[in-house]
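The structure under discussion appears below in the form of structure tokens.
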Amino acid sequence: MIPNDPATRPIDFLRGMLIIRKAEERLARDFKSGSLPGPVHLYIGQEAVAVGVCSQLGARDWITSTHRGHGHFLAKGGDPAAMFAEVYGRRSGICGGFGGSMHVADVSKGILGANGIVGGGIGLATGAALAAQLDGSGQVGVCFFGDGAAAQGVLGEALNLAALWKLPLILICENNGFSEFSPTGRVIAGAIFERAQPFGVPARRVDGNDVEAVAAATADAVTRAREGGGATLIEAITYRLHGHVEGESAFLKTQYRTGDEIEHWRRDDPIGRFAALLEARGELDPEGFELLEQEVKKIIEAAADSAGNDPYPDVDSLDAHLLGAA
Amino acid sequence: MIPNDPATRPIDFLRGMLIIRKAEERLARDFKSGSLPGPVHLYIGQEAVAVGVCSQLGARDWITSTHRGHGHFLAKGGDPAAMFAEVYGRRSGICGGFGGSMHVADVSKGILGANGIVGGGIGLATGAALAAQLDGSGQVGVCFFGDGAAAQGVLGEALNLAALWKLPLILICENNGFSEFSPTGRVIAGAIFERAQPFGVPARRVDGNDVEAVAAATADAVTRAREGGGATLIEAITYRLHGHVEGESAFLKTQYRTGDEIEHWRRDDPIGRFAALLEARGELDPEGFELLEQEVKKIIEAAADSAGNDPYPDVDSLDAHLLGAA
Amino acid sequence: MTRKRMIHAINDALAEEMERDERVILIGEDVGASIFGDTRGLLDRFGPARVRDTPISEALLGGMAVGAAAAGYRVVCHLMYANFVYTAFDAIANQAARLRLMTNGQIRLPVTFIASGGGGRSNAGQHSDYPHTTVAGLGGIYVATPATASDAKGLLKTAIRTDDPVFFLQPTSRGGEMGEVPDGDHTVPLGKARIVREGGSVTIVAIGAMLRAANKAAEALSEEGIDVEIVDPRTCFPLDENLILDSVRKTGRLVVVDEARRAGSMAGPIAALVAEKVFDSLKAPIVPVTTRDLAIAYAPPLEQAMIPGPTDIIEAVRRISKESVT
Amino acid sequence: MTRKRMIHAINDALAEEMERDERVILIGEDVGASIFGDTRGLLDRFGPARVRDTPISEALLGGMAVGAAAAGYRVVCHLMYANFVYTAFDAIANQAARLRLMTNGQIRLPVTFIASGGGGRSNAGQHSDYPHTTVAGLGGIYVATPATASDAKGLLKTAIRTDDPVFFLQPTSRGGEMGEVPDGDHTVPLGKARIVREGGSVTIVAIGAMLRAANKAAEALSEEGIDVEIVDPRTCFPLDENLILDSVRKTGRLVVVDEARRAGSMAGPIAALVAEKVFDSLKAPIVPVTTRDLAIAYAPPLEQAMIPGPTDIIEAVRRISKESVT
Ligand SMILES: Cc1ncc(C[n+]2csc(CCOP(=O)(O)OP(=O)(O)O)c2C)c(N)n1
Ligand SMILES: Cc1ncc(C[n+]2csc(CCOP(=O)(O)OP(=O)(O)O)c2C)c(N)n1
Ligand SMILES: [Mg+2]
Ligand SMILES: [Mg+2]
């Protein structure tokens, strides 16, 4: 749905981010209305990272994602209707309703899946990068992970191995300011991107709310990886505008951030900011933005509505996954 | 048996290293003669690290060790006879014969034990450092680990947490050139000590065959830790003169290092080198060294001989460790 | 007696034990904010030295809990969802479960690992395991599986006071359930089962979250004249063998209900126990009622079908009760 | 047929499958040098792209195996000693065992995890586990426990060709044992047990390393006129239920022999199976012969006493055979 093409035009960036935003806003409403079976972790505010990164990837490049994975799924070309159906637990879901929000995957699009284990995607992406290297096809393995996940030891293990083996691995740390309810500085010492340096893995920090900056940094990393130059770590600084998980205010008794802080970041919203930039550059007029937003919203709402009408999976479908059964 | 005293005199360094060397030489002979029940990983060539580090620790400071743990045990004040008895699997062993070579521990001396899990001691030492911090007693937690162990992710986890919490943790990486049969450079990217830098943990590399240099670096780290300044990583460059495990030539079909390399390092033997230094400084005469060596050898051989005559544990003694039994 | 939610009973247990013994400390990810509510308020009450929000580093947390316990603290290590026990599993399996035996009792480990397990909330495959037998199979760790608010409080208080590791597995879907909790210093011994309901015709052993379904089934069955005895082991390792055996001696019939997958359920150990020790009393097959050998699926109809409920139990009991009439 | 050591049969299986399918790759610590000998020579033969010595990073290895398999390779991941399965356990339990169901079969994982388990060599508490049930309880991973050279080869070849994860647990103490191995492309299906010895009076189900002891016991018992049938499940998950049940239908008596600790042994699942499905055929108690619920101790007399041997099996069989006479 969102094009993955290094020559992505600015309007595609905007469109991509809007697709994610509108899908997430719908899920937020669905959650409020009680129509979601399980928990959802929304990506609102971080869209520039997924869109900027995936704009530089081809369909055969691999990504691994996180518990906050809808944005990555959509940006890598996942189908919104199949995603909604999955989050709604329907048979037509991209995983047949077996996985849900934390496991949306579409292998045909190179999406090895969202992941409920913080840091779980790091090993998987390393393996995908190894496969790409063995194939000699110039593919890359890309791992999205959070600032909180940077505390998992497997990150260091992957940096070490990727450096030794010159794997085409791109590690995208989305530093959104929080690890659940802990501000990053309370659980992460130092700057995450600097952790790559001792291994000899190039790394940089980018403004994660600037979709073009993310795309440019990714382009460099992809080029290096495809040319056999090995791994890169990119730390994208962004901000999670919604809660860690929808509905958190219902059970959290302490505040972990201020309204002022949220307001501050809302002014830096990657979508509004990019739209304003395009307007300033004369590449978009205000009505153009509104029209695009309405168009995307319509498509997304239709996808969600139709998914919501799909049937639940049959209980018998479980049998298909029993080992030794066939 | 080996004094732990920051004011250790040079002759005590020498004596300490000799105790370890003579004990290990005895175990090598025992292995050859087939009298050891299980595998042993000898420390020969690395004595300056254990002795240099432990010379700066008090009895109430904690250490965790590795599968190659006899040197740390002895340097931290463990009793040689009780160690031999343990390696021989005897009831009088420091662990009653339950643990063996890879698990020698003496909690009364602050030795939380050798460890058969590579990297296993890192978490334990971090916990001990946390306990020390809570106690406010100025104690430190010291973790010995190998270059191979530096590839375990838990090292990064510990650096991160120790930096955040300013734990009195001292990480001693003994880079002895090999991780089993892999030369370090094939399994470790970059310089190990540099891995501490991004976390803001001070680190340095020292000549691990220079007992005084190791002691001096440790003294700095201990001072910082006791004063609330937090963790330190020290990488001590040394060399394993024996095989990864005694008897390896019987099953290894490939050579992983050259005789020349071993010869080169033998000339840098920490004991011979330190004895020569003391002679050059006029603090020891050649007969003095020989006398000391003979004296230590006699003690160690007597300890081993007596341990070898001790009985095996009773089978009934297993009952004591069943949960819920007592 | 006071009526309380299970999660509040757990909170009380933690607070009371921290009050009682200042060497009790609590570590875990966001234990301050407390996603389940069980640790809520403890940070304010006992301060950040003893209640420690940690980075997402389960491998380290497990090892650190062991190290701090070995160095004299009583450590409560909160692992959040029980699937993250796997992330910390090296320290649990290779260190916590073994150090007592391997050091011949020099090291005793007062560590309580808490986690919340089981399905029912569409948390999907990586947040719904109930891994009590995974830990029980290690042999060196008590495994408590409370099913009521009262037992949750009593078992946890005992766990914290115990000098060996305890895995305390609370049922995710039952935290909000109300129950009567004895006032005062209420403790429940580890290794002691409870007869929840007396009856003469069939014994149901129900583990943890399954107790509620078993109670419902028993109600329904009593209307059919089937007089069920319900046993809650409360501790899955070591088992209270005598109480279970006595019940089966009386009834001659046994159904084991466990939310775990069949291959990793208590149906195994309990069937083995009974079929060995009171074979002559058995009048009918032993029937296991468990989850199938699959990861828990997300879609509510699938999840409901997988996890045992009253109907499954009723069917199982009927199956072996009919034969009783003949 | 050719007489071979088990370890060489395993080596043959690996070489043949790597020869047969160039997408088979092998990763693990020092698989080049090969501490057990099972992977020896493969690096020279298949080159460093497909045979990869890795750093000591089990958490990453597990995840990488999953990722590379998801991306199209057949991965053999050698974990050396079975206790290091625990170090890699997050990826095994939370990823490998679940991705098929969670993605509704989009991801299939041809990964074989190999490890060497069990005691008998004074390797002590951290190198002697036999964790087949720990993996079996996860539900999504085949568990192969070969007891002979022939089955080791045949099961491993099948494992590598299987599109789902397999845990292949070879017995450390039996690698050197000789056995007849069929020539040619010898495969053994997963999930199929084998009658090792026919007999009419008692069924012994013996797992992995225990088969030898069971055979010895059967010899001795036959002299007493007790005619034992020995069943080797070969795959512990999923079990070949029918073959086991048929045997017990015939003999009416069952002894389960497993080197694992009682609480984590196959005595549980097999007793549960039999006591449910062929209860009416049972003439006597089911007797488990297992290791006690303790870590394996180092001293040879302790280790010998803990691990079941022929005498324990003979006693168990006698116990339930006597009753047969009445
Ligand atoms: C192994 C593991 N530990 C803990 C959790 C619980 N958990 C879910 S999300 C989260 C915080 C993750 O923070 P970050 O990586 O920064 O991602 P973000 O939520 O900010 O996108 C935690 C602790 C988990 N899912 N997996
Ligand atoms: C978790 C784990 N993985 C693998 C091993 C097997 N192993 C034992 S020692 C060793 C090499 C360790 O190298 P290093 O840390 O440099 O220590 P050294 O042997 O050189 O003292 C390995 C791989 C182990 N014991 N534990
Ligand atoms: Mg974050
Ligand atoms: Mg080394």
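It should be emphasised that the depicted structure is a prediction, and the values quoted were computed from it without experimental measurement. Note on naming: letters A, B, ... go to the chains in the order of the sequence lines (proteins, then strands), and numbering restarts at 1 for each one.
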Q: Could you check which of B/Val187, B/Ile192, B/Val201 has the highest count of heavy-atom pairs closer than 4.5 Å to chain A?
A: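 Looking at each option in turn, the highest pair count goes to B/Val187.
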(Q) Please rank B/Val154, B/Leu159, B/Ile188 by heavy-atom pairs under 4.5 Å with chain A and give me the top one. (A)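 That would be B/Ile188.
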Q.
Counting heavy-atom pairs closer than 4.5 Å to chain B, which one of A/Pro198, A/Ala162, A/Ala151 comes out on top?
A.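 Heavy-atom pairs under 4.5 Å are most numerous for A/Pro198.
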Q | Crowding at CZ, A/Arg60 (>12 non-hydrogen neighbours, <6.0 Å) | A |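 12 or below, so no.
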Q | Minimum side-chain heavy-atom gap B/Arg195-A/Asn160 below 4.5 Å | A |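 Yes. Closest side-chain heavy atoms under 4.5 Å.
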